[in-house]
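Working notes for the structure below.
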Amino acid sequence: MKGAETMHTSSPLSKITLRDARILSGYTPNVAAKEAKVSVESLRRYEQNPGKTPIHIAVRLSNLYNISIDRLSFKK
């Protein structure tokens, strides 16, 4: 799977959501949750309310999606 870092975006510094990073990386919610060792329900909560994502989970997801954590938006 290609990581979100390799995808073209409008700006190299543009932020993307957790959901968009997952989709751009080619992961379904079920596979991403399993790989990140979280429940599908938790992953969906983090995608819907990214400001509540624990830092260790955010790091895990950024590694999984192959995107720098500073590229991820944690705003609603």
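Scope of the values below: all heavy atoms of this structure, side chains included, with no hydrogens, waters or symmetry mates.
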Please assess E47 against R22 for the test side chain to side chain contact (heavy atoms under 4.5 Å, CB included), listing each intermediate value before the final yes or no.
CA-CA 9 Å; E47 289 182 353; R22 175 181 53 76; 2.6 Å; yes
If I compare all heavy atoms of L24 with all of I16, which pair ends up nearest, and what's the gap?
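Distance-wise, the nearest heavy atoms are CD1-CD1, 4.1 Å.
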Considering all heavy atoms, the nearest S73-K15 contact:
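Where S73 meets K15 most closely, the heavy atoms are CB-CB, 3.9 Å.
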Is a donor from one side chain sitting under 3.5 angstrom from an acceptor on the other, for T28 and N30?
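Looking only at side-chain atoms, N30 and T28 do not form any donor-acceptor pair under 3.5 Å.
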Nearest 0.5 Å please: distance from the [atom1] atom of [X] over to the [atom2] atom of [Y].
X   : Y   : atom1 : atom2 : answer
S25 : E35 : OG    : CD    : 12.0 Å
L18 : L72 : CG    : CG    : 5.5 Å
L64 : K37 : CG    : NZ    : 9.5 Å
L43 : R19 : CG    : CZ    : 11.0 Å

Is there a chain of hydrophobic side chains (I, L, V, M, F, W, Y, each step under 4.5 Å between heavy atoms) that links Y46 to F74?
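Y46 clusters together with F74.
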Is there a continuous path of hydrophobic side-chain contacts, each under 4.5 Å between heavy atoms, that joins I23 to I67?
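Shared cluster, no.
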Could you list the residues that satisfy side-chain contact (heavy atoms from CB on, under 4.5 Å) with R44, not counting sequence neighbours?
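Per chain and number, R44 pairs via side-chain contact (heavy atoms from CB on, under 4.5 Å) with P29, V40.
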I'd like to know if the side chain of K75 reaches the main chain of T17, judged simply by a donor and an acceptor atom lying under 3.5 Å from each other, with no hydrogens or angles considered.
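Here the side-chain-to-backbone pair does not exist.
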Donor-acceptor list for residues 51-62 side chains, cut-off 3.5 Å, not counting sequence neighbours:
{"from": "T53", "atom 1": "OG1", "to": "P50", "atom 2": "O", "distance (Å)": "2.9"}
{"from": "R60", "atom 1": "NH1", "to": "A36", "atom 2": "O", "distance (Å)": "2.7"}
{"from": "S62", "atom 1": "OG", "to": "V59", "atom 2": "O", "distance (Å)": "3.0"}

